[in-house]
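Per chain, numbering begins at 1; letters A, B, ... match sequence-line order.
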There are 2 protein chains.
Amino acid sequence: MVKIDYRDPRPIYEQVVDGIEDLALRGALPADTQIPSVRQLAMELSINPNTIQRAYAELERRGVIYAAKGRGNFISDDIASLRARRLDEIGAEIGALAGRARTLGATEEQLRGWLGTKGEDRE
Amino acid sequence: MVKIDYRDPRPIYEQVVDGIEDLALRGALPADTQIPSVRQLAMELSINPNTIQRAYAELERRGVIYAAKGRGNFISDDIASLRARRLDEIGAEIGALAGRARTLGATEEQLRGWLGTKGEDRE
DNA sequence: TTATGTGTATTATATGTCTTAATACACTTG
DNA sequence: CAAGTGTATTAAGACATATAATACACATAA
């Protein structure tokens, strides 16, 4: 479901949040799919249930999952809008990095090259 | 010289490091320019000298400044290579974000648009 | 109804990072 | 020699993270 990297300086709960959000936004977990229970995932990852509880609370706050007391946690409907929002954020990050790169003297060719994979026009 | 933003979740010493590195890489502080002493900058920013000490140690580790005991701290020569390295890092970040954006369904047009300012070809 | 598995909330403890505080010492310069 | 530098050390507090141990309400299947 998710993997924890203990060399990653980010807190565990954040890695869990990002991991599940990633699966949801990519469509790997369709809407209304049930995800592991708090205790299940804690067992699987060998971490404390409270840590998963915190991660799930954050995922619910973000609208990635919804909780049904006594039944479990499920992937939210309307992942599309979450995906769009996330793309906006990524776009803003890329824009900021591009501006910073230009400040340091990067050329437009470099910038386009960093985007990779398409429109490369190699000589 | 540098400004601290207390709403910024990053530690103070890190903000100082990034601020001075930025000034150096942009060329705002030429090579061999003396920067404020540990105690001076601490006074100016109303923070503890130990925090500046830590920031300067990190800047020296990165090669942005060099220290001369009893005299002060100075901007390093060969800022050019540091700038190049930083641009490589930014390029890698942009590449990663671009890949992630494609995974979420971003179009090449979107990606180019996010780079901003040039080659927009607006209709 | 009961048992089991859910989500949820609470309190306590331990650990690590960040920051401040207070010194101390070696070095450079006027 | 005095003042200003870098540098190192020890202590304390605030805060975030994670674990531990419960407790309780709800849903579902036996």
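- With C:dT19, C:dA24, D:dT17 as the candidates, the nucleotide lying closest to the side chain of A:Pro11 is D:dT17.
- Checking the phosphate oxygens (OP1, OP2) of D:dT17, a side-chain nitrogen or oxygen of A:Tyr13 falls inside 4.0 Å.
- Between A:Val64 and A:Leu82, the closest side-chain pair of non-hydrogen atoms falls below 4.5 Å.
- Summarising the geometry, the separation between CZ on A:Arg71 and P on D:dA25 is reported as 20 Å, rounded to the nearest angstrom.
- Side-chain atoms of A:Gln40 lie closest to C:dT6 of the nucleotides C:dT6, C:dA21, D:dT5.
- Taking atom OH on B:Tyr56 and atom C1' on D:dA8, their separation rounds to 18 Å, with Å as the unit.
- When each of D:dT17, D:dG6, C:dT19 is scored by its nearest atom to the side-chain atoms of B:Lys69, the top-ranked nucleotide is D:dG6.
- Atom CD1 of A:Ile52 is separated from atom P of C:dG5 by 19 Å (rounded to the nearest Å).
- Checked against side chain to side chain contact (heavy atoms under 4.5 Å, CB included), A:Met1 has the following partners two or more places apart in sequence or in another chain: A:Leu23, A:Leu29, A:Ile35, A:Pro36, A:Leu41, A:Glu44.
- Comparing C:dG7, D:dA27, C:dT20 against the side chain of B:Ile47 picks out C:dT20 as the nearest.
- Of all nucleotides listed (D:dT17, C:dA24, C:dG7), D:dT17 comes nearest to the side chain of A:Arg54.
- The listed nucleotides are C:dT8, D:dT7, C:dT19; the one nearest the side chain of A:Ala67 is C:dT8.
- Relative to the side chain of A:Gln53, the nucleotides C:dT8, C:dT19, D:dT5 differ in distance, and C:dT8 lies closest.
- In this structure, A:Asn48 atom CG and C:dT10 atom C1' are separated by 13 Å, rounded to whole Å.
- Listed candidates were D:dT7, C:dT20, C:dG7. Nearest to the side chain of B:Thr51 is C:dT20.
- Distances shown here put a side-chain N or O of B:Ser37 below 4.0 Å from the OP1 or OP2 atom of D:dT5.
- Side chains of B:Glu21 and B:Ile65 form no contact here, defined as non-hydrogen atoms less than 4.5 Å apart.
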Discussion item. Could you go through B:Ile90 and A:Leu104, starting from their C-alpha distance and side-chain angles, then the distance that decides it, and tell me whether this counts as side chain to side chain contact (heavy atoms under 4.5 Å, CB included)?
Written reply: CA-CA 10 Å; B:Ile90 292 177; A:Leu104 296 181; 4.2 Å; yes

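- Contact check for A:Leu97 versus B:Leu97: side-chain heavy atoms found under the 4.5 Å cut-off.
- In this structure, A:Arg10 places its CZ atom 17 Å from C1' of D:dA18, rounding to the nearest Å.
- The side chain of A:Asn73 places an N or O atom within less than 4.0 Å of a non-bridging phosphate oxygen (OP1 or OP2) of C:dG7.
- We find that CZ of A:Arg39 is positioned 14 Å from P of C:dT4, with the value rounded to whole Å.
- The separation between A:Gln34 atom CD and D:dA27 atom P is 14 Å, rounded to whole Å.
- One interatomic measurement links the two molecules: CG of B:Leu41 to P of D:dT5, which rounds to 12 Å at whole-angstrom precision.
- The side chain of B:Asn50 lies closest to C:dA22, out of C:dA22, C:dT28, D:dT17.
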